[in-house]
Visitor: 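Mind looking over this structure? Questions follow.
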Amino acid sequence: QKEVEQNSGPLSVPEGAIASLNCTYSDRGSQSFFWYRQYSGKSPELIMSIYSNGDKEDGRFTAQLNKASQYVSLLIRDSQPSDSATYLCAVNMGGNNRLAFGKGNQVVVIP
Amino acid sequence: GAVVSQHPSWVICKSGTSVKIECRSLDFQATTMFWYRQFPKQSLMLMATSNEGSKATYEQGVEKDKFLINHASLTLSTLTVTSAHPEDSSFYICSASSHGTSVSYEQYFGPGTRLTVT
(Lines give C-alpha, C1' and ligand atoms only; values in the text may rest on other atoms or scores of the structure.)
Protein backbone atom coordinates (compact mmCIF):
# COMPACT_ATOMS: atom_id res chain seq x y z
CA GLN A 1 0.00 0.00 0.00
CA LYS A 2 1.30 3.40 -0.93
CA GLU A 3 1.90 5.85 1.90
CA VAL A 4 -0.45 8.47 0.47
CA GLU A 5 -3.05 7.75 -2.16
CA GLN A 6 -4.99 10.10 -4.36
CA ASN A 7 -6.84 7.89 -6.75
CA SER A 8 -9.34 9.97 -8.63
CA GLY A 9 -8.50 11.14 -12.12
CA PRO A 10 -8.63 14.68 -13.49
CA LEU A 11 -11.55 16.62 -12.07
CA SER A 12 -13.46 19.07 -14.24
CA VAL A 13 -15.79 21.46 -12.47
CA PRO A 14 -17.77 24.43 -13.77
CA GLU A 15 -16.84 27.84 -12.48
CA GLY A 16 -18.60 28.57 -9.20
CA ALA A 17 -19.07 24.90 -8.28
CA ILE A 18 -17.43 22.95 -5.46
CA ALA A 19 -14.38 20.83 -6.19
CA SER A 20 -13.85 17.90 -3.81
CA LEU A 21 -10.55 16.08 -3.49
CA ASN A 22 -9.82 13.01 -1.38
CA CYS A 23 -6.71 11.44 0.06
CA THR A 24 -6.00 8.39 2.21
CA TYR A 25 -2.82 7.55 4.06
CA SER A 26 -1.32 4.40 5.50
CA ASP A 27 0.54 5.50 8.65
CA ARG A 28 -1.95 5.58 11.52
CA GLY A 29 0.58 7.53 13.59
CA SER A 30 0.69 10.51 11.22
CA GLN A 31 -0.13 13.80 12.89
CA SER A 32 0.26 16.49 10.25
CA PHE A 33 -1.52 16.79 6.94
CA PHE A 34 -1.13 19.28 4.13
CA TRP A 35 -2.58 20.27 0.81
CA TYR A 36 -0.32 21.85 -1.78
CA ARG A 37 -1.29 23.43 -5.07
CA GLN A 38 1.05 23.12 -8.03
CA TYR A 39 0.58 25.02 -11.25
CA SER A 40 2.10 23.52 -14.35
CA GLY A 41 5.84 24.16 -14.47
CA LYS A 42 5.90 25.66 -10.99
CA SER A 43 6.79 24.37 -7.54
CA PRO A 44 4.18 23.38 -4.93
CA GLU A 45 2.55 26.04 -2.81
CA LEU A 46 1.17 25.26 0.65
CA ILE A 47 -2.52 26.12 0.82
CA MET A 48 -3.78 24.22 3.87
CA SER A 49 -2.44 22.42 6.90
CA ILE A 50 -4.55 20.43 9.33
CA TYR A 51 -3.59 18.63 12.51
CA SER A 52 -6.86 17.79 14.31
CA ASN A 53 -9.94 15.83 13.38
CA GLY A 54 -12.70 17.87 11.86
CA ASP A 55 -12.88 20.76 9.46
CA LYS A 56 -10.56 23.69 8.93
CA GLU A 57 -11.65 26.56 6.74
CA ASP A 58 -9.47 29.18 5.08
CA GLY A 59 -11.24 31.38 2.60
CA ARG A 60 -12.72 29.22 -0.14
CA PHE A 61 -10.76 26.18 1.01
CA THR A 62 -11.89 23.65 3.61
CA ALA A 63 -9.76 20.75 4.75
CA GLN A 64 -11.37 17.80 6.50
CA LEU A 65 -9.48 15.24 8.57
CA ASN A 66 -10.65 11.90 9.92
CA LYS A 67 -7.77 10.11 11.60
CA ALA A 68 -9.86 7.03 12.45
CA SER A 69 -10.55 6.50 8.77
CA GLN A 70 -7.09 7.77 7.75
CA TYR A 71 -8.72 10.15 5.36
CA VAL A 72 -8.16 13.80 4.52
CA SER A 73 -10.05 15.87 1.98
CA LEU A 74 -10.04 19.31 0.43
CA LEU A 75 -13.06 21.27 -0.72
CA ILE A 76 -12.73 24.27 -2.98
CA ARG A 77 -15.88 26.40 -2.93
CA ASP A 78 -16.86 28.84 -5.66
CA SER A 79 -14.20 27.38 -7.95
CA GLN A 80 -12.41 29.87 -10.16
CA PRO A 81 -10.39 29.31 -13.34
CA SER A 82 -7.31 30.29 -11.33
CA ASP A 83 -7.89 27.19 -9.18
CA SER A 84 -7.01 25.02 -12.18
CA ALA A 85 -3.91 23.18 -10.98
CA THR A 86 -2.69 19.91 -9.55
CA TYR A 87 -3.42 19.44 -5.85
CA LEU A 88 -1.01 17.37 -3.82
CA CYS A 89 -1.90 15.72 -0.54
CA ALA A 90 1.05 15.39 1.85
CA VAL A 91 1.32 13.58 5.16
CA ASN A 92 4.06 13.96 7.74
CA MET A 93 5.71 10.61 8.33
CA GLY A 94 7.43 11.55 11.57
CA GLY A 95 11.03 12.35 12.44
CA ASN A 96 12.78 15.02 10.44
CA ASN A 97 9.47 16.38 9.16
CA ARG A 98 9.59 14.12 6.12
CA LEU A 99 6.48 14.36 3.97
CA ALA A 100 5.00 11.64 1.83
CA PHE A 101 3.16 13.02 -1.21
CA GLY A 102 0.29 11.61 -3.16
CA LYS A 103 0.55 11.62 -6.94
CA GLY A 104 -1.79 14.59 -7.11
CA ASN A 105 -5.18 15.38 -8.59
CA GLN A 106 -5.56 17.69 -11.53
CA VAL A 107 -8.44 20.14 -11.25
CA VAL A 108 -9.76 21.97 -14.29
CA VAL A 109 -12.26 24.76 -13.69
CA ILE A 110 -14.34 25.43 -16.77
CA PRO A 111 -15.46 29.05 -17.24
CA GLY B 1 6.68 34.84 5.81
CA ALA B 2 8.27 31.44 5.07
CA VAL B 3 9.93 32.38 1.80
CA VAL B 4 12.40 30.04 0.14
CA SER B 5 14.53 31.03 -2.80
CA GLN B 6 16.42 28.86 -5.23
CA HIS B 7 19.16 29.70 -7.67
CA PRO B 8 19.49 29.32 -10.55
CA SER B 9 15.94 28.99 -11.82
CA TRP B 10 17.15 27.15 -14.88
CA VAL B 11 20.48 25.84 -16.11
CA ILE B 12 21.76 24.09 -19.20
CA CYS B 13 24.99 22.17 -18.92
CA LYS B 14 27.00 19.72 -20.95
CA SER B 15 27.17 16.06 -20.13
CA GLY B 16 29.96 15.29 -17.68
CA THR B 17 30.01 18.67 -15.98
CA SER B 18 28.78 19.51 -12.49
CA VAL B 19 26.02 21.90 -11.50
CA LYS B 20 25.40 23.50 -8.12
CA ILE B 21 21.92 24.58 -7.01
CA GLU B 22 21.42 26.84 -4.01
CA CYS B 23 18.42 26.88 -1.70
CA ARG B 24 17.93 29.65 0.84
CA SER B 25 15.31 30.30 3.50
CA LEU B 26 14.91 34.07 3.49
CA ASP B 27 12.87 34.87 6.57
CA PHE B 28 13.23 31.89 8.90
CA GLN B 29 15.86 29.48 10.08
CA ALA B 30 15.49 26.13 8.39
CA THR B 31 16.61 23.33 10.65
CA THR B 32 15.80 20.86 7.91
CA MET B 33 15.91 21.18 4.15
CA PHE B 34 14.70 18.70 1.61
CA TRP B 35 15.61 18.11 -2.02
CA TYR B 36 13.06 16.76 -4.47
CA ARG B 37 13.13 15.87 -8.13
CA GLN B 38 10.12 15.93 -10.40
CA PHE B 39 9.91 14.52 -13.90
CA PRO B 40 7.18 15.75 -16.28
CA LYS B 41 3.67 14.71 -15.27
CA GLN B 42 4.96 12.85 -12.24
CA SER B 43 4.76 13.58 -8.54
CA LEU B 44 7.54 14.83 -6.33
CA MET B 45 10.27 12.37 -5.50
CA LEU B 46 12.19 13.03 -2.30
CA MET B 47 15.91 12.70 -2.90
CA ALA B 48 17.38 13.57 0.46
CA THR B 49 16.85 15.25 3.80
CA SER B 50 19.49 17.47 5.31
CA ASN B 51 19.86 18.96 8.74
CA GLU B 52 22.11 21.91 9.37
CA GLY B 53 25.61 20.74 10.22
CA SER B 54 24.87 17.07 9.58
CA LYS B 55 25.30 14.69 6.68
CA ALA B 56 22.29 14.35 4.44
CA THR B 57 20.07 11.32 4.57
CA TYR B 58 19.44 9.98 1.09
CA GLU B 59 16.39 8.09 -0.07
CA GLN B 60 16.82 4.59 -1.38
CA GLY B 61 18.11 4.57 -4.95
CA VAL B 62 19.59 8.07 -4.83
CA GLU B 63 23.36 8.10 -5.32
CA LYS B 64 24.94 10.18 -2.59
CA ASP B 65 28.20 10.50 -4.51
CA LYS B 66 26.39 11.90 -7.51
CA PHE B 67 24.06 14.27 -5.69
CA LEU B 68 26.17 16.09 -3.12
CA ILE B 69 24.24 17.99 -0.49
CA ASN B 70 25.66 20.54 1.89
CA HIS B 71 23.66 22.29 4.60
CA ALA B 72 26.26 24.58 6.09
CA SER B 73 23.96 27.07 7.77
CA LEU B 74 20.38 27.44 8.93
CA THR B 75 19.51 29.39 5.81
CA LEU B 76 21.46 27.71 3.04
CA SER B 77 21.62 24.26 1.49
CA THR B 78 23.25 23.33 -1.79
CA LEU B 79 22.76 20.40 -4.15
CA THR B 80 25.57 19.60 -6.57
CA VAL B 81 24.82 17.27 -9.45
CA THR B 82 28.18 15.79 -10.35
CA SER B 83 29.09 14.37 -13.75
CA ALA B 84 25.65 15.21 -15.05
CA HIS B 85 24.06 13.08 -17.76
CA PRO B 86 20.99 13.71 -19.92
CA GLU B 87 18.92 11.43 -17.70
CA ASP B 88 19.57 13.86 -14.82
CA SER B 89 17.57 16.50 -16.67
CA SER B 90 14.66 17.29 -14.38
CA PHE B 91 12.98 19.87 -12.18
CA TYR B 92 14.83 20.07 -8.86
CA ILE B 93 12.95 21.63 -5.97
CA CYS B 94 14.08 22.32 -2.44
CA SER B 95 11.92 22.86 0.59
CA ALA B 96 12.65 24.10 4.08
CA SER B 97 11.15 23.35 7.43
CA SER B 98 11.67 24.59 10.95
CA HIS B 99 11.16 22.92 14.31
CA GLY B 100 9.54 24.55 17.26
CA THR B 101 8.09 27.58 15.52
CA SER B 102 4.76 28.56 14.04
CA VAL B 103 5.81 26.90 10.80
CA SER B 104 6.75 23.64 12.49
CA TYR B 105 6.24 20.58 10.31
CA GLU B 106 5.21 22.65 7.34
CA GLN B 107 7.51 22.58 4.34
CA TYR B 108 7.87 25.62 2.18
CA PHE B 109 9.12 25.11 -1.33
CA GLY B 110 11.54 27.09 -3.40
CA PRO B 111 10.57 27.97 -6.97
CA GLY B 112 12.59 25.09 -8.41
CA THR B 113 15.52 24.73 -10.79
CA ARG B 114 15.02 23.28 -14.22
CA LEU B 115 18.16 21.39 -15.24
CA THR B 116 18.79 20.39 -18.83
CA VAL B 117 21.86 18.29 -19.60
CA THR B 118 22.88 18.20 -23.24
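Quick note on labels: first sequence line is chain A, next is B, and so on, each numbered from 1. These numbers were taken from a predicted model, which means no experiment stands behind them.
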Visitor: Tell me the residues of residues 67-76 of chain B whose non-hydrogen atoms fall below 4.5 Å from those of chain A, in number order.
Guide: none
Visitor: Mind listing the closest non-hydrogen atom pair of A/S73 and A/W35 along with its distance?
Guide: O-NE1, 3.3 Å
Visitor: Run the salt-bridge test on B/E59 and A/R98 with the 4.0 Å N-O cut-off and return the result as yes or no.
Guide: yes
Visitor: Salt bridge check: are B/E22 and B/K20 linked by an N-O gap of less than 4.0 Å?
Guide: no
Visitor: Answer whether the closest heavy-atom distance between the side chains of A/L11 and A/L21 falls below 4.5 Å.
Guide: yes
Visitor: What are the residues of residues 100-111 of chain A, in order of number, with any heavy atom under 4.5 angstrom from a heavy atom of chain B?
Guide: A/F101, A/G102, A/K103
Visitor: Specify whether B/Y108 and B/F28 have parallel, tilted or perpendicular ring planes, treating 30° as the upper limit for parallel and 60° as the lower limit for perpendicular.
Guide: perpendicular
Visitor: Applying a strict under-4.5 Å side-chain criterion to I, L, V, M, F, W and Y, I'd like to know whether A/V4 and A/L74 cluster together.
Guide: yes
Visitor: Taking all non-hydrogen atoms of both residues into account, name the closest pair between B/I93 and B/G110 and its distance.
Guide: CG2-O, 3.5 Å
Visitor: Could you give the distance from OG (A/S30) to OH (A/Y51), rounded to the nearest 0.5 Å?
Guide: 13.0 Å
Visitor: Looking only at non-hydrogen atoms, find the nearest pair between B/S83 and B/K66 and report the distance.
Guide: O-NZ, 2.9 Å
Visitor: Is B/Q42 in contact with chain A via its backbone, its side chain, both, or neither, using a 4.5 Å heavy-atom distance?
Guide: neither
Visitor: Select, from A/S32, A/S49, A/P44, the one with the greatest count of heavy-atom pairs under 4.5 Å involving chain B.
Guide: A/P44
Visitor: Could you tell me which portion of A/L88 (side chain, backbone, both or neither) has an atom closer than 4.5 angstrom to a non-hydrogen atom of chain B?
Guide: side chain
Visitor: Is B/R114 close enough and on-axis enough to B/F91, meaning under 6.0 Å and within 45°, for cation-pi?
Guide: yes
Visitor: Hey, are the side chains of B/V4 and B/C94 touching, using non-hydrogen atoms and a 4.5 Å cut-off?
Guide: yes
